[in-house]
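Structure record follows, encoded as structure tokens.
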2 protein chains.
Amino acid sequence: MTSDARERMVRSAAYLFRERGFSGTAFSDVIAHSGAPRGSIYHHFPGGKAQLAEEAVRYAGEFLSAGVRAATRDDDPVAAVRAFLGWWRRVLVDSDFKAGCPVVAVTVESQLSGAAADAFGRWGDALATGLTAAGAAPARAGRLATLIVSAVEGATLLCRANRSLDPLDDVTAELEDLIEAACGTG
Amino acid sequence: MTSDARERMVRSAAYLFRERGFSGTAFSDVIAHSGAPRGSIYHHFPGGKAQLAEEAVRYAGEFLSAGVRAATRDDDPVAAVRAFLGWWRRVLVDSDFKAGCPVVAVTVESQLSGAAADAFGRWGDALATGLTAAGAAPARAGRLATLIVSAVEGATLLCRANRSLDPLDDVTAELEDLIEAACGTG
DNA sequence: GTCTATACGAAGATAGAC
DNA sequence: GTCTATCTTCGTATAGAC
């Protein structure tokens, strides 16, 4: 399978962007990490680095929204949110606070806003769906989902700066209370 | 005054980082934007680009926390928060959604976590002080301040990606309700 | 303190063979 | 599809004169 190498490159790009950022990740890094053949970069990605970044963002958007949907439970409004927060907690801990969100890296450094907006939107939609199913009013669920995505992305940045999980813990505590109140649960 | 050029370079770096990121901003860009003399870069910043970035982050941290303190009113718990959010709203609108937070840019791209943690900490402390003065319990005020900083930083990213103020508006609405409840106000 | 010139090292992208 | 070699651009940093 030759397009296997292609997919590995996309995944490696997403992985490396988290720690080194967009400009800080060279093609050679992606090649080294993915084990993909060097000569086929522009065969698979004629649009160059921008195309690779766009697909990495799309991959991250799809991957995490699928995770949120899988963790959604009608009877537990915070289950999906906890899964979402738990994912970021793991990224931080596993990387010793060196890695963050690849979508954020691309948003800050490049002008690929379309792909980033799509990824953020997918996460928000997945969370909002879960909150609505748990009893929140649809409009409120949308606002809460935006708050959750925003707060988690921001807290991840604070955690990296502080080399500590404290900011994410604080945010988690506040968000869970807020969500339970919005879903009419005790 | 010769150290005037130095300060202009720091401010220009902070300004340019918001839009182009850390790696995307070259010394030549800082020179062009600040009008500072080219030959004095390493005279003023012997530590090179890393030192310039560190001082730019420090400058941003000091600048915004001073703004929050100035806007703090004992009788209005959301006044300082509104000022903080309003600052970011203005950055987004004035730049046509191309600019964000310089501290975030440095956090994502470089390893200057100390300076970034200090900046985030100053903002949080300034906000927490205002919330405490307005009636929130100290421990709660700290958690809320962390949530506010996180959510605003994240929302700014979402706004840039979406080229829209909607995420920040959603976050603002949720945060103001939460703050008023925490301060025992109606 | 400020200048010019340059060394040095990436990194993205392309060309053409296999 | 994949390889190697190379072009080109750019940016940090240094050296040394004024």
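Hydrogens, waters and symmetry mates play no part in the numbers below; they use all other heavy atoms, side chains included. Just so you know, these numbers come straight off a predicted model, no measurement behind them.
Remark: B:Thr172 pairs with B:Arg89 by the side-chain hydrogen bond (donor to acceptor under 3.5 Å, both in side chains) rule, at least two apart or across chains. Annotation: salt bridge (Lys or Arg N to Asp or Glu O under 4.0 Å) contacts of B:Asp118 (sequence neighbours excluded): B:Arg122. Annotation: salt bridge (Lys or Arg N to Asp or Glu O under 4.0 Å) contacts of B:Asp75 (sequence neighbours excluded): none. For the ring-ring contact (aromatic ring centres under 6.0 Å, His included) test, residues two or more places apart in sequence or in another chain that qualify with A:Tyr15 are A:His33. With sequence neighbours excluded, the residues that form a ring-ring contact (aromatic ring centres under 6.0 Å, His included) with B:Phe27 are B:Tyr42. Not a single side chain to side chain contact (heavy atoms under 4.5 Å, CB included) links B:Ala32 to another residue, sequence neighbours left out. Taking the salt bridge (Lys or Arg N to Asp or Glu O under 4.0 Å) definition, one finds that A:Glu174 meets it with B:Arg140, B:Arg143, sequence neighbours left out.
Regarding contacts with the backbone of C:dG1, every side-chain N or O of B:Ser40 stays at 4.0 angstrom or more from both OP1 and OP2. Dashed line: the shortest gap from a side-chain N or O of B:His43 to OP1 or OP2 of C:dC3 is not under 4.0 Å.
For the helix from C:dG1-D:dC18 to C:dC18-D:dG1, the angle separating the two terminal helix axes comes to 0°, with each axis derived from five pairs and the value rounded to 10°.
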In B/S/- notation, 5' to 3', how is nucleotides 11-18 of chain D contacted by protein heavy atoms closer than 4.0 Å? SSBB----

With a 3.5 Å cut-off and sequence neighbours excluded, list the donor-acceptor pairs that the side chains of residues 124-133 of chain B form with protein atoms.
{"residue": "B:Thr129", "atom": "OG1", "partner": "B:Asp125", "partner atom": "O", "Å": "2.8"}
{"residue": "B:Thr132", "atom": "OG1", "partner": "B:Ala128", "partner atom": "O", "Å": "2.8"}

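Interface residues of residues 51-58 of chain A facing DNA chain D, ordered by number: none; criterion, heavy-atom separation under 4.0 Å.
Listed by first then second residue, pairs satisfying salt bridge (charged side-chain N to carboxylate O under 4.0 Å, His left out) with a partner in residues 7-32 of chain A read A:Asp4-A:Arg8, A:Glu7-A:Arg11, A:Arg20-A:Asp29, not counting sequence neighbours.
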